[in-house]
K.L.:
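The structure under discussion is supplied below as structure tokens; questions concerning it will follow.
Counting convention: from 1, in listed order, for ligands and their atoms alike. Keep in mind the model is a prediction, meaning the values are calculated, not measured.
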Amino acid sequence: MTEPEISEAMIFECFAAAQEKDSIEQTAASFVDVEEYENQIMYPEFARWAEKAGQPELASLFRKVAGEEKLHAVWLRELYEDMGQPARGEDTERAIDALKTIRANCDALIAMNPDGVVEKALAVAISVEEREYQDIYPRFRDQALAQGDQNAADVYQRVVDSESQHADWFRSALDQFRATMATPALA
Ligand SMILES: [Fe+2]
Ligand SMILES: [Fe+2]
């Protein structure tokens, strides 16, 4: 029997659906959508995996972060009331489709190696959060500052601070998870 294999790259690819567009406004609009699918799809799915793997505390952490991603979407959407309503929905749709294609695989893998799947979910969550607080949102902030839009820059900075905190929480959770795992996960 062949073991179903899911790599961090596959999971990341599945959820890192936001697209870099021609203009910063279009890219930012894409990230409104990203915040919403992190809230509705990605982190709830990671919470489901953690529950199945017998890790209710990690499931709670994923749900707590999911709730904060919703806040980010609200903040960004408020920003867009001035800029015009962004086109939305494509990234969420893409994430839903991608999730469908890996879900059966995920469930099979969770049954065989629950710790491995949870460890990968945490690693992907860290990558997603790092990309946002180190790259995406600082760029939006700097762009807003360059355009003299202090209000938008402040909102983006708030998102940077929050995503940075999420990355810290997930890093601590991953360290703790690895320290308490009964057997080290095989690569
Ligand atoms: Fe976020
Ligand atoms: Fe986040």
K.L.:
Under 2.8 Å from the Fe ion (ligand 2), how many protein N/O/S atoms do you get? Just the number, please.
P.N.:
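Count of protein N, O, S atoms less than 2.8 Å from the Fe ion (ligand 2): 5.
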
K.L.:
Any side-chain heavy atom of Leu76 sitting closer than 4.5 Å to one from Tyr156?
P.N.:
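Sidechains of Tyr156 and Leu76: in contact.
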
K.L.:
Test of understanding: with side chain to side chain contact (heavy atoms under 4.5 Å, CB included), list the residues that count as partners of Ala173, not counting sequence neighbours.
P.N.:
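Applying side chain to side chain contact (heavy atoms under 4.5 Å, CB included) to Ala173 gives Leu58, Leu61, Leu122.
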
K.L.:
For a quick test of reading the model, state the closest non-hydrogen atom pair linking Ala59 to Glu51 and the distance between them.
P.N.:
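For Ala59 versus Glu51, the nearest heavy atoms are CB-OE2, 3.5 Å.
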
K.L.:
Does NZ or CZ of Lys64 fall inside the cone over Trp169's six-membered ring, less than 6.0 Å from its centre and within 45° of the axis?
P.N.:
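Yes, cation above the ring, under 6.0 Å and within 45°.
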
K.L.:
Walk me through it: do Phe62 and Phe170 pass the test ring-ring contact (aromatic ring centres under 6.0 Å, His included)?
P.N.:
CA-CA 9 Å; Phe62 284 129; Phe170 288 134; 5.4 Å; yes

K.L.:
So Phe46 and Trp49, would you call those rings parallel, tilted or perpendicular, with 30° and 60° as cut-offs?
P.N.:
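If you compare the ring of Phe46 with that of Trp49, the planes turn out tilted.
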
K.L.:
Using only N, O or S atoms, tell me which atom of Glu35 is closest to the Fe ion (ligand 1).
P.N.:
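Looking only at N, O and S atoms of Glu35, the one nearest the Fe ion (ligand 1) is named OE1.
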
